[in-house]
Amino acid sequence: MKTGVVFQFVSLLIVCIGIIYYIQKARNGTTYVIRKIAGLEAIEEAVGRATEMGRLVHFSPGIAGLDGVTAAQTFAGLETLGMVAKLVARYGARLFVSIRVAIVLPLAEEIVRQAYMAEGAIEAYEPECVQYLSSQQFAYAAAVMGIIQREKAAASILLGGFWAESLMVAEAGFHAGAIQIAGSANITQVPFFVAACDYVLIGEELYAAGAIASGNPIKLGSIAGQDIAKLYAIILLVIGILGATAGSNFLVDLMGK
Amino acid sequence: MKTLQNIDRRIIYLLVFLALAVPMLQPIGLPFGINESSQKVYDLVDALKPGDVLVLSFDYSPSGQAQLDPQARAVMKHAYSKEGVKIINVAFWPSGPLFADKFLGEMEGTHDKVYGEDYVSLGYVAGAETAISAFGKDMHQAYPRDRHGNSIGDIPMMRDIKSAADVDLMISFGTGTPGVPEHVRQIVTVYGTPFAVCMNSVSVAGNIPYYNAGQMKGYLNGLRGAAEYEMMMKEPGSATASMDSLSFSHLTVIIFILLGNIAYFADPDRKKK
Amino acid sequence: MKSQGLMIAITFVFALIIIIDAFFAIDFISAASTEIQNWGTIIASLALALAAVNLIRIHSRRIRLRRGEWYNSVALLTVMFVQTAIGLVNRSTGEVYNFGFNNIMTPLGATMYALLAFWIASAAYRAFTARSIDSAILLVAATVVMLGNAPIGESIWSAFPSIKTWIMDVPNMAAQRGIMIGGGIGAIALGLRILMGIERGHLGGSDE
């Protein structure tokens, strides 16, 4: 084993075992009640409103790619895109998915196409509704802002990894009068979303969004399993605080093992 | 009160613009103190001894220029004035080397460091966090050639510098990803290299946990951090000159927030809503 | 659905190799991990071509059908082809290419970022009202941090910077750490769901 990663490896095992245990329990029939996330509840209302108004539903899976630690945010956004696309197909609304990272484009296209197929509305599917705009952060932001304002989007759903463009896109949505549902695990951008959007998913809520929205008991089991991982983190925090208060660095040393 | 509640955003934009522009034309020179975190960055650079190795990582793009350029300019000026200190310029953002080149060009003739013996520019390496990890493990493998195409093995100062374990201080000028968390994970945690950051203000709140945990030894906070560094260098520059603009733009935002609240509380229909 | 099973299996194997490489020093795993990551880079580069096709298809159709503001599509395609040609002939280190970067990209990027100052002013005016105790606390904290950051705050009251530092270092940091830990655990749980084939939304599929 590599040096300095033993503690990390054991921690990863504990977290994974905790989550898998709860997934298995859910498979065996245990049901878990997970608190509702207001932003997710609002998605259906937003799509319904867009349908009534005959206006656009804008969706962005963020500007992160599919590699590195921020990839999880893109995947979380894409999980929710499936749900949004199904709603759009069901209601007959218009969807526009803006893409910044090229490799996300084929995934998003496939998700939207499959959603229309699942709803039996494949003839209403327009390939142009998923569009790559630019790999440049602010060129992408400018393009999204332009589209939201020109089309007067009725809903703008921003779920994924966002950076400095978060406020630009959210302000454009506000001025277009759109219902805005945003979420990111990039905590520096959350305050901007809070200031400009109607609903905000913070940090882990984004990762759980797809699972909670689906209502699938096995997925919900994995969310419940996260509590074991949190308990483990809390125990470490308490031991660390007590150790540091008593002048001992044993936990820091242990973590470096 | 209805007017106060619905001020046209163009009026807000205009007033913010004036709050930014007027103090630049008519500076007042409001005094400001030095934050502890900025002082620490200065002290870390100042404490470098002859033979010590400093890595400067340029991890930002043109959009971060307004806050990061004055920081980088001041820190580089300080670092290049330190006798005998070996400096390695790297970048994990594609546009990073352009900034390093710009500052080196500006400083030409102001220091006595010789390229290849006292400092080197390794340029950009793709791969974000993977690249940072590769750089920390073996610089010669991550960067077989420098920015000018020279083989890294032929560069005299790089002969004894192999990994992040040979580095005495690493400073990242960063605005996003890859940035602080990636450097902490791949360099600080693995090699224990002392690490400081020069970042834009919006990144500070998110990165403070690394500072308080001791993984980040010091940091400069946006334009204010740059101005503080200029003051510590006793060479006021563009950042110091922008401090009045910063003050008045902040004040303008606060005034608008207050107006919004006055309008809200004075609205007789508030309770019905 | 058969292809989905294959994709899940590939995802699982590749992810496992990368995870093992992070913790264990096994030569062939390390070589495989590097290779997989190289493939990732190559696939991502190829995806750019796919993205270019998407852009060309959509915008040429818009021009052909004379849809609203079609002239913007003409501008987009012209700039795209011209810059690609310059990059191919002059390379990204060339003078012409850099002229475009330094004189078009750089000022445009900096301008967009600078516009945030205006947007945050109008967003703050609209959103930061003391509608409840929570939002009142948020409002006061935001104001103190702003005053503590700007030199004028010090001139008004010398204690602003110290209070700002306390807010940033204590309540802010506690919340940031909580969100960071929760986010990290959430990302692991999402990763596990994807690896176990429970979450298939990104494959366009339905539930397990």
Side-chain angles (χ1 to χ4, degrees), chain B residues 7 9 12-13 15-17 19-20 29-33 35-37 61-67 94-95 98 126-127 130 175 181 200-202 204-209 211-213 221-222 224 227 243-244 246-261 263-265 270, chain C residues 22 33-34 37-38 40-41 92-93 98 101-102 105-131 136 139 142-143 145-156 158 161 164-165 168-170 172-177 179-180:
Chain B
I7 299 174
R9 68 188 147 123
I12 301 177
Y13 295 168
L15 290 173
V16 171
F17 173 74
L20 284 163
L30 287 166
F32 56 92
N35 276 299
E36 192 194 26
S37 60
S61 63
S63 58
Q65 253 183 306
Q67 294 183 58
S95 46
L98 298 170
T130 322
T175 54
N200 54 349
S201 297
V202 76
V204 172
N207 289 327
I208 269 197
Y211 174 64
N212 285 35
N221 175 356
R224 167 77 188 250
M243 280 301 96
D244 288 342
L246 189 80
S247 287
F248 284 99
S249 56
H250 276 57
L251 207 60
T252 311
V253 174
I254 292 168
I255 289 169
F256 275 112
I257 292 175
L258 282 176
L259 287 177
N261 277 277
Y264 174 73
F265 284 104
R270 175 169 58 95
Chain C
S33 164
T34 311
Q37 289 181 51
N38 286 343
T41 314
S92 63
T93 45
N98 276 323
F101 182 84
N102 290 331
M105 277 308 297
T106 304
L108 281 177
T111 306
M112 284 292 283
Y113 194 84
L115 285 173
L116 279 176
F118 301 99
W119 283 316
I120 192 60
S122 75
Y125 156 72
R126 210 174 54 232
F128 285 170
T129 42
R131 290 190 171 88
L139 178 70
T143 309
V145 170
M146 276 196 276
L147 285 171
N149 241 351
I152 202 160
E154 274 174 79
S155 303
I156 295 169
S158 59
K164 175 216 98 177
T165 307
M168 294 297 281
D169 285 1
V170 183
N172 164 68
M173 194 176 66
Q176 299 279 6
R177 280 187 174 154
I179 296 172
M180 259 184 197

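Letters A, B, ... mirror the listed sequences (proteins, then strands); counts begin at 1.
- Only the side chain of B/N221 comes within contact range of chain C, with at least one heavy atom under 4.5 Å from a heavy atom of that chain.
- Contacts of B/A66 with chain C are absent, with no heavy-atom separation under 4.5 Å from either backbone or side chain.
- Closest approach of C/Y113 to B/S63, counting heavy atoms only: CG-O, 3.1 Å.
- Shown here for C/F128 and B/N261, the closest heavy-atom pair between the two residues is O-ND2, 2.8 Å.
- In this structure, the side chain of C/Q176 does not engage the main chain of B/N207 through any donor-acceptor pair within 3.5 Å.
- Note that CD1 of B/I257 is 12.0 Å distant from CZ of C/R126, once rounded to the nearest 0.5 Å.
- Taking OG1 of C/T106 as the start and CG of B/L98 as the end, the distance is 7.5 Å to the nearest 0.5 Å.
- In this structure, C/I152 CD1 and B/L246 CG are separated by 10.0 Å, a value rounded to the nearest 0.5 Å.
- Between C/W119 and B/Y13, the closest heavy-atom pair is CD1-OH, 3.2 Å.
- Residue contact with chain C, scored on non-hydrogen atoms closer than 4.5 Å, involves the side chain of B/V253 exclusively.
- Here the straight-line distance linking atom OG of B/S247 with atom CG of C/L147 works out to 9.5 Å at 0.5 Å rounding.
- Note: C/R131 leads C/M105, C/R131, C/M112, C/M180 in heavy-atom pairs under 4.5 Å with chain B.
- For the pair C/S155 and B/P31, the minimum side-chain heavy-atom distance is below 4.5 Å.
- There is no contact between C/L115 and chain B, counting heavy-atom distances below 4.5 Å.
- Distance alone, capped at 3.5 Å, places no donor-acceptor pair between the C/Y125 side chain and the B/I254 backbone.
- To the nearest 0.5 Å, atom CD1 of residue B/I12 and atom OG of residue C/S122 are 5.5 Å apart.
- Of the residues considered (B/A205, B/S249, B/S37, B/G260), B/A205 shows the highest number of contacts with chain C, using heavy-atom pairs under 4.5 Å.
- Here the closest non-hydrogen pair linking C/A130 and B/F265 is O-CZ, 3.3 Å.
- If you check the side chains of C/D169 and B/Y211, you find no donor sitting under 3.5 Å from an acceptor.
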Report task. Show the numbers, then the answer: is there a side-chain contact (heavy atoms from CB on, under 4.5 Å) between C/T143 and B/H250? Result -> CA-CA 9 Å; C/T143 309; B/H250 276 57; over 6 Å; no
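- The residue among B/L20, B/L258, B/N35, B/I208 with the most heavy atom pairs within less than 4.5 Å of chain C is B/I208.
- Ranked by heavy-atom pairs under 4.5 Å with chain C, the list B/G33, B/P62, B/S61 is led by B/P62.
- When each of C/S158, C/A150, C/G109 is checked for heavy-atom pairs under 4.5 Å with chain B, C/A150 comes out on top.
- With a 4.5 angstrom heavy-atom cutoff, C/M168 touches chain B via backbone and side-chain atoms both.
- Using modelled atom types, one side-chain atom of B/R224 and one backbone atom of C/N149 make a donor-acceptor pair closer than 3.5 Å.
- Neither the backbone nor the side chain of B/A227 comes within contact range of chain C; no heavy atoms are under 4.5 Å apart.
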